[in-house]
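Note that ligands are numbered from 1 as they come in the structure, with each ligand's atoms numbered from 1 the same way. Note that this is a predicted model, so its numbers are computed, not measured.
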Amino acid sequence: MIKQLPALGWNAWNSFGCKVSDKLIREMVDVFVERGYKDAGYEYVCIDDGWSLMERDSHGKLVPDPEKFPHGMKALADYVHSKGLKLGIYSCAGVLTCAGYPGGYGHEYSDAQQYCEWGVDLLKYDFCYFPENANARTAYLTMSMALRAVDRDILLYACNWGRCNPEKWMNEVGVHMYRTDVDIHDTYVSFRDIALRHLNNMRNKSAACQPDIDMLTVGMYGGGFLSNCVNEEERNRNNDEMYHEYVTQFAYWCFVGAPLLMGGDLSNIDDRCRNLLCHKELLRLDQDAECRAPALVNGYGKENGAPDAFVLMRILENDEVAIGFFNFKDDNIDMRVLMADCGLPYYSGYGLKLRDIIEEKDIGIVKDCLRVTSVAAHGCRIFRGKVVKADDAEATICMKI
Ligand code: GLA
């Protein structure tokens, strides 16, 4: 059975596009282990588009490009497994992949058999060149069943960018994770908009089927393949500002329990981003065993009423909860949440014993209202707490931080 928690790993697309190769993947695997990503819990190393020849062979099989993968896929998978990691590969539900390589449409069962023989552990299944008269649900169900027909656990990651209301059927067709939105770029606006749209969609989460809000751009600083998607001004931003926003990106992904596929060039990620990506308490939040969806408990609206600063609450294992303050506005703002809105009215006699998990600091027990003054523009504050019985003397009624 596939591990029923959000997948943790790395994917080649954001940094390398179609320039994938045996050499690159082995290098990434080595850095993955050396820089401690494996110890932090990451496990999938994923090849994206561009790994095969442009044509299938005479038996209808996909052929890894011999120039890029001179030792074949099986040898590469063996290498990945020898380091205790898992190999991801990419294909597409349409007749071609997004970059024009052969897609899986009509070849699902023989492709699945091939992935099994190679030792593949994850299949990202895209949605380009999808035939007009075909049905998306049927196509993903067919690949899901094809993977079930082979003698290997292969995680199915559907990537149809939120098209055709995937939240209504991805779970029932046996997909393990599915993209809910368009491709991320390495800009603040890109991940902000993905996060804001996700607010309307975040309830559709279960242990068996995880919504995915795309790969992380943490540590890319405007570089890599995705740099083709941004303009000069976006590419040349101040690294400290970008880092501040990466913290928000990573914290948001972890808070909502999204799959975490790093997209930076692992051999080039600076220490602070590496430490962020390996942040124990944020990763623990992402990987919470209850796998519950977050809930919106306070919002600060834009002119059209939709919030772009908000407070989320998430119920966790061991009777704990997380409370996250996210400010996607361009100014610092004061934010607050009432404990009554988190199910803890003042008359209950209970409070929340809180810890700031980014700062890694305990902050005491709060009973009625938690105010966070000046949440930085594009920033966030994340707390983890336990429900405790507390009289007024040991708690702070209205806590201001
Ligand atoms: C689509 C996907 C991306 C990436 C590319 C590859 O755009 O959404 O994540 O896999 O295709 O061509």
Side-chain angles (χ1 to χ4, degrees), residues 6-21 24-25 28 44-55 62 64-65 68-69 73 87-105 111 115 120-131 136 139-140 143 154-167 170 175-187 190-191 193-195 197-198 201 210-220 223-230 249 253 258-266:
L8 300 181
W10 173 86
N11 176 293
W13 183 253
N14 286 1
S15 289
F16 301 100
C18 287
K19 290 199 177 126
V20 284
S21 66
L24 171 76
I25 300 299
M28 288 301 125
Y44 290 96
V45 178
C46 303
I47 304 169
D48 208 273
D49 210 346
W51 58 267
S52 77
L53 287 180
M54 293 307 257
E55 303 288 339
L62 292 165
D65 183 331
K68 294 176 173 174
F69 295 91
M73 281 299 170
L87 180 67
I89 209 164
Y90 164 97
S91 183
C92 183
V95 292
L96 297 176
T97 71
C98 298
Y101 294 81
Y105 189 76
D111 286 355
Y115 301 141
V120 165
D121 304 291
L122 175 152
L123 171 66
K124 174 174 174 182
Y125 209 43
D126 217 330
F127 198 56
C128 283
Y129 298 100
F130 193 69
Y140 283 99
M143 187 41 102
I154 302 179
L155 185 152
L156 179 54
Y157 168 16
C159 179
N160 73 332
W161 328 300
R163 299 265 180 90
C164 313
N165 305 112
E167 68 285 352
M170 281 296 182
V175 157
H176 300 99
M177 62 189 263
Y178 66 96
R179 270 272 289 283
T180 58
D181 211 324
V182 296
D183 289 12
I184 199 166
H185 296 157
D186 186 21
T187 66
S190 168
F191 92 76
D193 290 353
I194 288 175
R197 285 190 294 265
H198 178 250
N201 196 23
Q210 314 272 355
D212 167 61
I213 42 180
D214 208 1
M215 296 164 278
L216 297 159
T217 60
V218 174
M220 295 185 70
F225 175 74
L226 285 189
S227 65
N228 301 325
C229 311
V230 301
Q249 180 186 142
W253 264 232
L260 304 176
L261 292 177
M262 302 177 284
D265 172 353
L266 294 183

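Within the structure, ligand 1 has Tyr90 among the residues with a heavy atom less than 4.0 angstrom away.
The distance from ligand 1 to the heavy atoms of Arg179 drops below 4.0 Å at these ligand atoms: 8 (O), 9 (O). Interface atoms of ligand 1 facing Met215, defined by a heavy-atom separation under 4.0 Å, are 9 (O). Listed by number with element, the atoms of ligand 1 under 4.0 angstrom from any heavy atom of Cys98 are 1 (C), 11 (O), 12 (O). When each atom of ligand 1 is checked for a heavy atom of Trp161 under 4.0 Å away, the hits are 1 (C), 2 (C), 8 (O).
His198 places none of its side-chain heavy atoms less than 4.5 Å from the side chain of Asp181. Looking at Ile213 and Thr180, their side chains come closer than 4.5 Å, going by heavy atoms from C-beta outward. Contact of the Lys124 side chain with the Asp48 side chain is registered, since non-hydrogen atoms from C-beta on lie closer than 4.5 Å.
Asp126 OD2, 2.8 Å is the protein heavy atom nearest to atom 11 (O) of ligand 1. In terms of protein heavy atoms, atom 12 (O) of ligand 1 is closest to Asp49 OD2, 2.7 Å. Closest protein heavy atom to atom 9 (O) of ligand 1: Lys124 NZ, 2.8 Å. Ranking protein heavy atoms by distance to atom 8 (O) of ligand 1, first place goes to Asp183 OD1, 2.6 Å.
Under 4.0 Å from ligand 1, not a single heavy atom of Thr97 appears. Here Cys159 has side-chain heavy atoms under 4.0 Å from ligand 1, and that is the only part of it that gets that close.
Of all the heavy atoms in Trp51 and Met73, the pair that sits closest is CE3-CE, 3.7 Å. The minimum heavy-atom distance between Cys92 and Phe127, with the atom names listed, is SG-N, 3.6 Å. Of all non-hydrogen atoms in Ser91 and Gly103, the two that sit nearest each other are OG-C, 4.2 Å. The two atoms that bring Leu216 and Asn14 nearest to each other are O-ND2, 3.2 Å, heavy atoms only. Nearest heavy-atom pair across Arg197 and Val182 is NH2-CG2, 3.8 Å.
Among Asp181, Asp48, Asn11, the residue whose heavy atom sits closest to atom 6 (C) of ligand 1 is Asp48.
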